[in-house]
Q: 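Before anything else, here's the structure in question.
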Amino acid sequence: MVKKLLGVSALLTLSGVIQAAGQDSSQLETRKTDTEMTAEVKEVMRSVDEVKRLPVTGLSMVKAGDKTFLITDNGHFVVAGNFKLVDMWQGKIIGSVADTKGIEKVDLRKIGFNPDELSTLTIGKGKKEVTIFVDPQCNYCHELIAQLEPLGNEYAFKLVLIPVLGKESAEISKKLICNKDKAQSLKALIAKDYSTLPALVREEGSCDLKPLQKAVVATKLLDIQGVPFVFLPSKNTFKGGVKSFKTLLEKDLEDELNGK
């Protein structure tokens, strides 16, 4: 388990940090032989008892005995000592692996992203909000969108348009958000038929593209690398298509009630 998460180079780096934590500078001058280092790595592998992959690319929190470290997957960098890891989105200090519980949850409005200020079309008027990042040409997105209308009494589905599938998707997204008839735009998105949308007016100031620009920035900050990408009412996230979105929402409600 630990080998798969960290790799040999990471464990070698971590071994050196653990050793350094208990030595002064004069002791560190003594170089270890390969045999000594190998034995030390084996000891570290026995002592690492908790590993939590953080929701950022290539970073894990590791607990080894009474010491806690941050380490990159390839072992190139380790953060050791009396560091403070502050979760700005959750508003708390992460001081141990136990503190990472719920770290994957994302409250979009709390961190400054109001879906209504992005390139958004809405299905439903329910009290429970679900935000879904979609591309207008994405087949998996449309399989999901097709399931939403019957759930609209209980949920409000915020469909945030992001053109991840190239230039044509960007043009369609602009047509959808620049169209003053939002009902027509929503109908076109649901049907995946954009032929009836008004042509784009290329004159400067004819359409406010800031919502679309904000949505693209949001995908970068939220590390959204594919669509559909769903932010559920529990603040958990879901990536990819799903055969029964209703079942997913029911499970999400159950997880929320169980504190997951």
Side-chain angles (χ1 to χ4, degrees), residues 89-90 102 104-164 169 172-194 197 208-219 221-224 226-260:
W89 290 5
Q90 302 281 352
E104 295 89 355
K105 290 179 178 288
V106 181
D107 186 333
L108 289 175
R109 292 180 184 274
K110 185 177 179 179
I111 65 175
F113 289 113
N114 181 348
D116 294 323
E117 295 177 353
L118 306 179
S119 46
T120 300
L121 297 172
T122 302
I123 295 177
K125 298 180 180 179
K127 293 182 179 180
K128 298 177 183 177
E129 186 172 279
V130 180
T131 301
I132 310 171
F133 283 72
V134 300
D135 182 291
Q137 295 194 105
C138 161
N139 290 329
Y140 288 114
C141 299
H142 282 280
E143 288 174 6
L144 192 157
I145 290 170
Q147 303 177 51
L148 302 183
E149 285 188 293
L151 306 172
N153 289 331
E154 189 175 355
Y155 295 91
F157 299 101
K158 307 290 184 177
L159 304 177
V160 182
L161 300 167
I162 50 170
V164 299
S169 288
I172 294 171
S173 297
K174 290 176 184 177
K175 284 184 178 181
L176 287 167
I177 65 169
C178 290
N179 184 13
K180 294 181 180 180
D181 188 343
K182 298 306 178 188
Q184 183 189 38
S185 288
L186 181 58
K187 184 178 179 180
L189 178 64
I190 293 172
K192 199 183 177 183
D193 179 4
Y194 309 113
L197 293 174
D208 182 9
L209 293 177
K210 287 182 181 178
L212 183 58
Q213 293 165 353
K214 286 182 180 179
V216 172
V217 170
T219 64
L221 295 177
L222 297 167
D223 196 27
I224 297 174
V227 290
F229 195 102
V230 185
F231 293 86
L232 295 159
S234 66
K235 314 309 178 191
N236 288 320
T237 60
F238 183 84
K239 307 171 187 177
V242 58
K243 289 184 178 180
S244 175
F245 198 56
K246 182 175 183 290
T247 301
L248 175 65
L249 292 171
E250 289 171 348
K251 184 181 182 304
D252 182 64
L253 176 59
E254 183 180 342
D255 287 346
E256 187 174 16
L257 292 173
N258 293 328
K260 293 183 179 179

Q: Stepwise, does the side chain to side chain contact (heavy atoms under 4.5 Å, CB included) test hold for Ile162 with Ser173?
A: CA-CA 7 Å; Ile162 50 170; Ser173 297; over 6 Å; no

Q: Say you draw a straight line from CZ of Phe238 to CG of Leu248; how long is it, rounded to the nearest 0.5 Å?
A: 5.0 Å

Q: Flag the pair Gln184 / Asn179 as yes when at least one side-chain heavy-atom distance between them is below 4.5 Å, and no otherwise.
A: yes

Q: Are any of the side-chain heavy atoms of Thr131 and Thr120 separated by less than 4.5 Å?
A: no

Q: Stepwise, does the salt bridge (Lys or Arg N to Asp or Glu O under 4.0 Å) test hold for Lys187 with Asp181?
A: CA-CA 10 Å; Lys187 184 178 179 180; Asp181 188 343; over 6 Å; no

Q: Report the residue from Asn139, Val134, Val230 that forms a side-chain contact (heavy atoms from CB on, under 4.5 Å) with Leu144.
A: Val230

Q: So, the side chain of Asp193 versus the backbone of Ala188: is there a donor-acceptor pair under 3.5 Å, distance only?
A: no

Q: Considering all heavy atoms of both residues, which atom of Phe157 and which atom of Leu148 are nearest to each other, and what is their separation?
A: CE1-O, 3.6 Å

Q: If you look at every heavy atom in Arg109 and Asp116, which pair is closest and at what distance?
A: NH2-OD2, 3.5 Å

Q: Looking at CH2 of Trp89 and NZ of Lys105, how far apart are the two atoms once the value is rounded to the nearest 0.5 Å?
A: 14.5 Å

Q: Would you check if Ile111 and Val106 make a side-chain contact, meaning some heavy-atom pair closer than 4.5 Å?
A: yes

Q: Quick check on Asn153: does its CG atom have over 12 non-hydrogen neighbours (other residues, nucleotides or ligands) under 6.0 Å away?
A: no

Q: Taking the side chain as everything from C-beta on, heavy atoms only, tell me whether Pro163 gets closer than 4.5 Å to Ile172.
A: no

Q: Would you check, one step at a time, whether the test side chain to side chain contact (heavy atoms under 4.5 Å, CB included) holds for Val130 with Phe231?
A: CA-CA 6 Å; Val130 180; Phe231 293 86; over 6 Å; no

Q: Contact between Thr219 and Val217 at the side-chain level, heavy atoms closer than 4.5 Å - yes or no?
A: no

Q: Does the side chain to side chain contact (heavy atoms under 4.5 Å, CB included) test come out yes or no for Cys178 and Leu209, once each step is laid out?
A: CA-CA 8 Å; Cys178 290; Leu209 293 177; 3.9 Å; yes

Q: In the structure I gave you, are the side-chain heavy atoms of Leu189 and Tyr194 within less than 4.5 Å of one another anywhere?
A: yes

Q: Could you grab the distance from atom SG of Cys138 to atom CD of Glu143, nearest 0.5 Å is fine?
A: 8.5 Å

Q: Ignoring hydrogens, what is the shortest heavy-atom contact between Leu108 and Pro115? Give both atom names and the distance.
A: CD1-CG, 4.5 Å

Q: Measuring from atom OG1 of Thr122 to atom CD of Glu129, what distance do you get when rounded to the nearest 0.5 angstrom?
A: 8.0 Å

Q: Is a donor on one side and an acceptor on the other found under 3.5 Å between the side chain of Glu154 and the backbone of Gly126?
A: no

Q: Within a 6.0 Å radius of atom OH on Tyr140, are there more than 12 heavy atoms belonging to other residues, nucleotides or ligands?
A: no

Q: Show the nearest heavy-atom pair for residues Gly102 and Gln90, with the distance to one decimal.
A: O-NE2, 3.0 Å

Q: Using 0.5 Å steps for rounding, measure from the NZ atom of Lys210 to the CG atom of Leu118.
A: 14.0 Å

Q: Can we say Lys235 and Asp252 salt-bridge, meaning some charged N sits less than 4.0 Å from an Asp/Glu carboxylate O?
A: no

Q: For residues Leu176 and Lys182, report the shortest heavy-atom separation together with the two atoms involved.
A: O-NZ, 3.9 Å

Q: What I'd like to find out is whether the side chain of Leu161 reaches to under 4.5 Å of the side chain of Phe133, using heavy atoms alone.
A: no

Q: Using side-chain hydrogen bond (donor to acceptor under 3.5 Å, both in side chains), reason through Asp255 and Ser234 one step at a time and then give a plain yes or no.
A: CA-CA 8 Å; Asp255 287 346; Ser234 66; over 6 Å; no

Q: Kindly compute the distance separating CD1 (Ile132) from SG (Cys141), expressed to the nearest 0.5 Å.
A: 9.0 Å

Q: Strictly by modelled atom types, are Glu104 and Asn236 linked by a side-chain donor-acceptor pair under 3.5 Å?
A: no

Q: Side chain to side chain contact (heavy atoms under 4.5 Å, CB included) for Glu149 and Ile123? Distances and angles first, verdict last.
A: CA-CA 7 Å; Glu149 285 188 293; Ile123 295 177; 4.0 Å; yes

Q: Are any non-hydrogen side-chain atoms of Lys128 and Leu249 less than 4.5 angstrom apart?
A: no

Q: Step through the shown structure and confirm whether more than 12 heavy atoms of other residues, nucleotides or ligands are within 6.0 Å of NZ on Lys251.
A: no

Q: Over all heavy atoms of both residues, which pair between Glu256 and Pro233 is shortest? Give the atoms and the distance, please.
A: OE2-O, 4.0 Å

